[in-house]
Structure formats: structure tokens, C-alpha cells
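Notes to accompany the following structure.
No experiment lies behind these values; they were computed from the predicted model shown. Labels below follow one simple rule: chain letters A, B, ... track the order of the sequence lines, proteins then strands, and each chain is numbered from 1.
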Amino acid sequence: MPEQPLLELRGVEVRYGGVPAVRDLSLAVGRGEIVGLIGPNGAGKTSALHAIMGVVPLAGGDILLSGRSIRGRRPEDIARAGVSLVPEGRHIFAGLTVDENLRLGLAARRGRGGLDGDLQRIHELFPVLREFRRRSAGALSGGQQQQLAIARALIAKPEVLLLDEPSLGLAPTVVERVFETLAQIRADGVTILLVEQRAQLTAGFADRTHVMANTELRLTLTPDQAFDTERLSAAYLS
Amino acid sequence: MTYIQSLIDAIALGALYGLVAIGIALVFGVMRLINFAYGELITAGGYTLAYLNGQPAIVGILACIGVVLALALVQERVAFRPLRGASPATMLVATFAVSFLLQAVFLLAFGSRGKTVGELGRLNRAWHPGSIHVRWISLVSLAVGAVLLAATTLILNRTNIGLHMRAAAADFRTARLLGVRANRVIVFAFLLSGLLASAVSILLTVQDPLVTPDYGVQVTIFALVGVVVGGLDRLLSATLGGFAIGFATSFVGDRLPTSSTQFLPSVIYGLVIVVLLLRPSGVFAPLRRAAVERV
């Protein structure tokens, strides 16, 4: 019997008013896996993540976490159930300090066991956050803010980490650093669903990558198909 | 010497209006809701004190706090929670409706002639350092205002619920995505603002002991004007705005000739118009608003 996915989307539909944003999306993320979700602007990637987090209501289908439906639950309850989102644009709290932003991540953490060790690991992954812990988060650079957003999600000790375009607006060298960090996080056993615009980078990095276009899932790629530009282009333009 | 006396009275009234301003700004921070029914919390506290005349002062004070907190919770649960997510205009109209409804309830229950609070009247006695005449209530208002402002600041800056409130005020959706419980934060904001309203009830009934159905309306409107003048987006600027309007009301009132006191509101609102023309985002709002923290 195959292992139950940690996160599963079954025929998910999202609509804004009457306009469909996601149609019949089904995908599964197994424990310890990293799954990519790529596609052009307006494909429905962010809407899919918002549906998982309960930010937008489902018009159809279901979302299961460890086999149990989380449909209709409030965002804070889904976060407390073990799903953390690093939102597009980072959404760090600019008026709070770096440490206060990290403390906010604790709101979703179940129990404080192992917190010291996790904090130490986070500071190993993101040394700048220790260095600037008392600095206003708004004073950090874009790359540093992205690190803070990821660290804030990790401190909640999530079962699944959702990342919405973590490379957006970052310089190429910083993007490289972000992906290196994601590899380390994955090595720590964190399950990841990664939404990205950088198609080939993501497809080469994730265990498998789904391509969305025009609100639907069009193609699934394995890492060795990352540079199959013909299929990728066809899926994007379909 | 009368100048110093006016100054002390003005600071005391400013402290009182400052408390009202904090109460309004706390709820606005997390809900984007200007609660016009805040005045009815003050009125309810006043009636509680009036009905416990003759009881030990501590009984009246504790009952006042209890009743106001309960009414704040009822306002949140019955009136504002079902409307959460509605348009700002709908929410604003709802607060007017709650305000008028409660005033009507007070009118039906207690009549239009008002009830007098007498228990803490001795605080109106004066202390005479030299030729100055300082009422004890001025000093008590000042002390209570300072203590409650400090306590609120400590709660916001040093506790988890305070951190969650500040985050919710800045970006409620992201705060919820991080696991911050919306209901808990909003209920806490209402409770904290209710606690401040009960303090205002106690202090205000010493200075103005006749409680009528619209007792809390004027202080709330004046404080609200102060909050807007100060800058609604930040707790500190809102508090300073409330303080400034209370200070100006008392100080200008003292300086005006007795025959002209009816013009006091006109003078105050005239000043407000000038200030808002010069600084539309609030006189105490930061010049650079790139990273505004609302609570």
C-alpha cells in the first residue's frame, strides 16, 4: 500500500466572483519531498497556495493534511495544524524587530520542546538574523527579508512549508543562496511545496515539478526533464 | 499662579482624553473600526457607579470595571464580530447604530433626568501648595493616565498577546497566516479598551457627577477628534492627539472670558481644521510614513 501523502489537493477549484482562478487541481506532496509548482503569471499558483492556507474558500474539491480534510478551516488553524506559508513579497513586519518577527512565527508552533535547538539551527542557516536581531526588519535588504520570512515560517516547526516565489525581486546571487538554503532545509527533513517563476531552476531542484497554465495543471516534470524546453514551452503556451 | 493652575487642570483633562484616545485607537488598530459606541461604555460605567452610591468605593469601582468589560465583550460578540470583513462604511454605520441603541436603552432604563454619582466626590477637594488651588482629582487623573498608558505600552511591547496585536494592526492577514488567532486578538483589544473606558468612567464621574444617557458621547467625540488630529495610525500619536485636545479644551476654556465659553467648541474645532489643513495625516504622525506601525 503506498504511503499516504502529507499534503494532497483533490480536484481543487478556486473562483473569484465567477472567474475561475484554479480548475480541477490535483497534486500530492509526500513526507520529506520537495514539489515544485511553476507557470506563467495568472496560472493560479498563488491562488492554490491561498486555498491550502484557507485564505480563499474552495469552490470545489478538497485539501487533505495527513489524510484529514482542512477544507473550510481558518488560516490560523491551518497554520497551527502544521502548514507554514512564506508569502509572495515576504510580508515581514517592517515596524517590528527581527527577533519580534521570529517570535510571531511561534504562534503556530505546537509546544516549545526543542525550541532552543531549532533557533540555533535557524541562526546557522541565516547568521544575519542573529547579527541584526534587534534591528527593525524594515531596515533589512530584500534578500535578508526573504531569509527572515523563511526563518519565521521554520520556527513554527511546520509539517509542510509552502513557499510563494521566494526568488522574486532578488539578485541572481541571492537567488542562488536562497535555493542553497532550501536544499539545507530539505535535508533537515522539511516537506516543501515550492511555487516559482524560475522554471528550469525549480524543475532541476524539486523531486517533481507541476506546470500550471491558464488555471490548470498541464505537465509534470522530473529533474532530468528540467531542460526539456520544448515540452516546457508547449505547456506554458498551451 | 492661575496660569500654573490652568496648566495642571489642562494636563489632567488631557490625561483623561488620552485614555479615551488609546481605547479607540486599540480597537481601530486591529479592526480598522472607529467605535463610536465607545462613549456608551463610559456611560454604562457611570450608571453602575451611580447605582452603587452608598456602597464602599471599591465595590463601585470593581462593579464599574466588570460592567464595562462585559458590555465591551457584548459589543464585540453581538454587533461587530458578525460584521467583520464588511466594508468600512458598513462597520462605521454599525457603530452609530450600537451607540444610538445603547443610548435609547439607557434612556428607557434610567430616564432622562440623570443619576448622580457621589461616592468619590471628596476627590474634588483642593490641595493648596502656596497660592495654587489643585484638586486631588487632577492629580489622580494624571497618575491613573500615566500608569495605564505605561501598562498598555508594556502589554503591547513585552507580552505575546501584545506582539500579536501589533502584528495584527500592521497586517492582519499575514498575522493569521502565522497562526495568530484573530478572535483572541480582537477580544483582547476590546477588553483592554473597555478597561480604559471604565477608568475614564470613574475619573469623569468625579468631575462631572450627573450621568445622563449621552454622558460619554461628548468626551468620545472630542477624543476622537484628538485621535484624528494626532494621527489614527499609531497608538502614540493617537494618544498625544487625545491629550492635546483635552489640554486645549481645558486651557482655552480657562482663558476664555466667562461670557464667551459657549464659543469653546468653535475655537477647538477651528484649531482642528487649521491643523488638518497643515498636516492631514495627523500632527504627531511621522513625517516619513514608509514603515508605519499602527499599534
Side-chain angles (χ1 to χ4, degrees), chain A residues 46 49-50 52-57 73-97 99-112 135-140 145 148-158 161-164, chain B residues 25-26 28-31 81-82 84-85 87 153-189 231-238 281-282 284-295:
Chain A
T46 296
L49 292 188
H50 285 177
I52 296 170
M53 290 306 300
V55 176
V56 293
R73 293 179 69 180
R74 291 175 296 197
E76 56 265 45
D77 294 333
I78 292 169
R80 285 165 181 263
V83 187
S84 281
L85 171 68
V86 179
E88 181 184 346
R90 304 180 274 274
H91 286 264
I92 54 113
F93 292 92
L96 304 183
T97 66
D99 257 3
E100 285 174 331
N101 270 274
L102 279 180
R103 268 176 58 206
L104 276 171
L106 293 174
R109 188 178 171 112
R110 289 161 293 179
R112 297 292 159 99
R135 186 174 287 192
S136 163
L140 299 179
Q145 289 186 3
L148 176 57
I150 296 172
R152 188 181 62 183
L154 285 177
I155 198 81
K157 210 170 184 180
L161 180 64
L162 312 178
L163 293 126
D164 195 358
Chain B
L26 278 172
F28 177 81
V30 294
M31 280 196 82
R81 189 178 295 192
R84 213 183 287 166
S87 72
T153 308
L154 275 178
I155 288 170
L156 289 175
N157 289 322
R158 298 287 171 86
T159 65
N160 274 338
I161 186 71
L163 178 63
H164 292 178
M165 282 178 70
R166 288 156 67 204
D171 181 351
F172 212 152
R173 189 166 93 157
T174 301
R176 293 182 74 187
L177 285 170
L178 295 174
V180 170
R181 291 189 193 278
N183 287 342
R184 190 162 164 261
V185 164
I186 290 173
V187 163
F188 191 78
L232 194 51
D233 266 353
R234 290 166 63 97
L235 192 65
L236 181 63
S237 55
S281 56
F284 299 114
L287 285 173
R288 290 183 174 198
R289 302 179 59 84
V292 169
E293 183 193 341
R294 291 195 179 93
V295 159

Got a sec, which residues hit salt bridge (Lys or Arg N to Asp or Glu O under 4.0 Å) with A:Glu88, two or more places apart in sequence or on another chain?
-> none
Scan for salt bridge (charged side-chain N to carboxylate O under 4.0 Å, His left out) pairs involving residues 178-189 of chain B, sequence neighbours excluded, and state none if there are none.
-> A:Asp77-B:Arg181
What residue, out of A:Pro158, A:Ala81, A:Ala107, has the most heavy-atom pairs lying under 4.5 Å from chain B?
-> A:Ala107
Does the side chain to side chain contact (heavy atoms under 4.5 Å, CB included) test come out yes or no for A:Arg90 and A:Leu148, once each step is laid out?
-> CA-CA 8 Å; A:Arg90 304 180 274 274; A:Leu148 176 57; over 6 Å; no
Against chain B, work out which of A:Leu104, A:Leu106, A:Leu85 has the most heavy-atom pairs shorter than 4.5 Å and name it.
-> A:Leu104
Among the listed options A:Met53, A:Arg152, A:Arg74, A:Arg109, the residue most often paired with chain B at heavy-atom distances under 4.5 Å | A:Arg152
If you round to the nearest 0.5 Å, how far is CG of B:Leu236 from CG of B:Leu156?
-> 11.5 Å
